[in-house]
Amino acid sequence: MYRTTVLVVPRAVIASHSCRREMAPANVFVVEQLGIKDIDGYGHVWYGNYLKFFHRGLQLFLGGGTVVRVEHLKYKQSVPWGAEDSRIESYLVERPSPAMAVVYQRWRVGPSADSTYAICLSHVALEPGCADTIAVMEPKQRLIEGREGAREPMLGMAVKNLQTGAVPPIDDAEGIIGRILIGRHAYLDMISPSDSTIQLVDVMDLFEQSRTELVGGQPGLKAFLDRGISLVVGQIDALVLSKDVKITPGTDVLCEVTLIRATTGRRCFNFQQRLLRSDGMEAARVRVLMCCVDVSKGELVPVPDDSWAYWNMRLETLGKSPSHGNGFHNQRTKLS
């Protein structure tokens with residue numbers, strides 16, 4: 001016989017969680033369910049999973065809606081696992097149409113004045129009747145004050161500052177450094193059963209995998225860490241999923257990785273990435289800022305000369321000997 005054990009949770013524990021949610025303003029989502037599956041190898045929220053929590057905040061704020069375009073997402077600090085007083089604020093910036101909203105969000109942790117860990121600007125598709133009672137915020141109205149009463153920026157200025165720092169798109173006159181195609185497989189659990197499109201978190205994972213190939217895959221990342229250096233994503237821009245491009249589970253897809261430019265003395269790198277169906281139809285795209293950071297000092301440092309040479313060798317090698325569905329378009333120009 002099996003014996004059933006009933007776990008009695010103290011009412012105080014349930015009440016404390018419920019109280020935090022109920023006391024929060026209507027535009028604040030309290031981040032409580034931060035699980036191990038959301039965490040990267042460094043003990044922080046994996047950058048692709050920020051979108052999941054921002055989306056939860058949107059749904060609570062608007063009463064529904066689906067993100068169709070992430071205009072900008074800037075990572076200011078890494079949210080650690082077990083972070084206390086973690087919350088996401090949402091502000092309605094614009095209603096371009098009854099079926100669309102533009103929302104600015106901040107992920108904040110702790111009571112300090114410097115508590116903003118990430119900021120996001122998204123375009124959200126709305127169901128009929130969704131968010132009809134929520135007023136668009138005035139551009140000169142200030143955001144919610146921090147726990148220590150710091151003077152917060154006006155909404156219009158906060159949005160403008162986020163838009164100003166976007167990763168520039170490909171400039172035909174400037175050219176690019178290089179472009180590779182990495183073959184991947186679309187498994188059943190990656191595809192949304194409702195509309196046969198690939199799920200956002202899996203798109204971000206495929207983009208991460210394919211970009212990592214440029215630096216030598218996981219061994220390449222480990223080699224950087226052994227030198228006290230980390231490659232981190234600082235920002236993503238213009239992340240779009242095409243709802244019209246369906247992907248059949250069990251088929252192959254292509255991840256196109258374009259290294260657009262190196263900036264600030266090879267400390268930062270601009271990428272454009274696209275997810276392509278086997279027939280060449282674009283399922284998703286994004287622009288990414290990747291930075292090279294000294295782990296102990298927390299400062300930007302140049303990618304070492306030997307590593308930069310290795311990256312370029314990887315471009316050439318993948319081009320000459322594609323394998324496992326990998327391909328290459330050699331569109332190289334000058335190296336910055």
Side-chain angles (χ1 to χ4, degrees), residues 35 37-38 40-41 46-55 65-71 73 122-125 167 169-170 176 178-221 233 236-260 270-288 290 311 314-331:
K37 69 178 182 178
D38 303 312
D40 62 18
W46 176 58
Y47 78 92
N49 282 330
Y50 281 63
L51 294 167
K52 177 174 71 176
F53 290 98
F54 276 125
H55 191 258
T66 303
V67 174
V68 294
R69 180 183 177 94
V70 177
E71 200 67 50
L73 172 50
S122 301
H123 295 250
V124 185
V167 174
I170 294 174
I176 63 173
R179 175 176 291 151
I180 59 176
L181 285 174
I182 304 297
R184 286 295 183 261
H185 192 73
Y187 292 96
L188 177 62
D189 60 4
M190 299 166 62
I191 308 301
S192 171
S194 61
D195 59 7
S196 297
T197 60
I198 192 163
Q199 300 182 93
L200 183 58
V201 67
D202 292 296
V203 168
M204 297 299 290
D205 189 35
L206 289 175
F207 283 156
E208 171 79 4
Q209 292 178 34
S210 55
R211 193 175 60 254
T212 300
E213 287 296 321
L214 178 63
V215 303
Q218 293 298 325
L221 292 179
V233 172
I236 64 173
D237 298 292
L239 171 61
V240 184
L241 273 66
S242 174
K243 290 298 182 181
D244 297 326
V245 178
K246 313 300 182 183
I247 295 180
T248 303
T251 60
D252 291 330
V253 293
L254 287 173
C255 299
E256 179 190 87
V257 184
T258 302
L259 178 53
I260 305 174
N270 295 167
F271 289 87
Q272 175 182 278
Q273 296 186 248
R274 299 197 303 151
L275 179 65
L276 306 173
R277 206 166 57 184
S278 57
D279 61 0
M281 294 294 293
E282 181 182 285
R285 74 160 54 211
V286 71
R287 294 198 301 274
V288 178
M290 186 179 76
W311 290 12
R314 288 283 294 173
L315 287 170
E316 295 290 354
T317 301
L318 287 173
K320 293 177 180 178
S321 303
S323 60
H324 303 294
N326 295 349
F328 178 82
H329 296 294
N330 193 346
Q331 298 183 14

Rounded to the nearest 0.5 Å, what separates atom [atom1] in [X] from atom [atom2] in [Y]?
X	Y	atom1	atom2	answer
Asp252	Leu276	CG	CG	13.0 Å
Ser242	Leu275	OG	CG	10.5 Å
Gln272	Arg287	CD	CZ	7.5 Å
Arg184	Ser210	CZ	OG	7.0 Å
Lys243	Leu241	NZ	CG	6.0 Å
Ile260	Ile176	CD1	CD1	8.5 Å

Whether [X] side chain and [Y] backbone form a donor-acceptor pair below 3.5 Å:
X	Y	answer
Glu256	Ile182	no
Arg179	Val257	no
Asp237	Val167	yes

> If you measure only the distance, is there a donor-acceptor pair under 3.5 Å linking the side chains of Gln218 and Thr212?
Replying inline: no
> Are Arg211 and Gln273 linked by a side-chain donor-acceptor pair shorter than 3.5 Å?
Replying inline: yes
> What residues form a side-chain hydrogen bond (donor to acceptor under 3.5 Å, both in side chains) with Asp279, not counting sequence neighbours?
Replying inline: Arg277
> How far apart are the C-alpha atoms of Lys52 and Asp38, what are their side-chain angles, what is the distance that settles it, and do they pass the salt bridge (charged side-chain N to carboxylate O under 4.0 Å, His left out) test?
Replying inline: CA-CA 9 Å; Lys52 177 174 71 176; Asp38 303 312; 2.4 Å; yes
Over all heavy atoms of both residues, which pair between [X] and [Y] is shortest? Give the atoms and the distance, please.
X	Y	value
Trp311	Met290	CH2-CE, 3.8 Å
Asp202	Asp189	OD2-O, 4.1 Å
Ala186	Val253	CB-CG1, 4.3 Å
Tyr50	Trp46	CD1-O, 3.4 Å

Taking the side chain as everything from C-beta on, heavy atoms only, tell me whether [X] gets closer than 4.5 Å to [Y].
X	Y	result
Phe271	Leu259	yes
Leu206	Ile198	yes
Thr66	Val124	no

> Would the His55 and Phe53 ring centres measure less than 6.0 Å apart?
Replying inline: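 So the answer is no for these two rings.
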>> Go through it in stages, so that I can follow the logic: the residues are Val70 and Val67, the test is side-chain contact (heavy atoms from CB on, under 4.5 Å), and I'd like the CA-CA distance, side-chain angles, deciding distance and then a yes or no.
In response: CA-CA 7 Å; Val70 177; Val67 174; 3.8 Å; yes
> Should the heavy atoms of other residues, nucleotides or ligands under 6.0 Å from CG of Asp195 be counted, would the total exceed 12?
Replying inline: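 Yes, enclosed.
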>> Name the residue from Leu239, Asn49, Val288 that meets the side-chain contact (heavy atoms from CB on, under 4.5 Å) definition with Met204.
In response: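 Among Leu239, Asn49, Val288, the one that satisfies the side-chain contact (heavy atoms from CB on, under 4.5 Å) with Met204 is Leu239.
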> Given Thr197 and Ser192, is the side-chain contact (heavy atoms from CB on, under 4.5 Å) satisfied, shown in steps?
Replying inline: CA-CA 6 Å; Thr197 60; Ser192 171; 4.3 Å; yes
> For the residue pair His185 and Tyr187, does the interplanar ring angle fall in the parallel (under 30°), tilted (30 to 60°) or perpendicular (over 60°) class?
Replying inline: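 Answer is perpendicular, since the angle exceeds 60°.
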>> Please determine whether side-chain contact (heavy atoms from CB on, under 4.5 Å) holds for the pair Leu51 and Val201, giving the CA-CA distance in whole Å, both sets of side-chain angles, and the decisive distance to 0.1 Å.
In response: CA-CA 8 Å; Leu51 294 167; Val201 67; over 6 Å; no
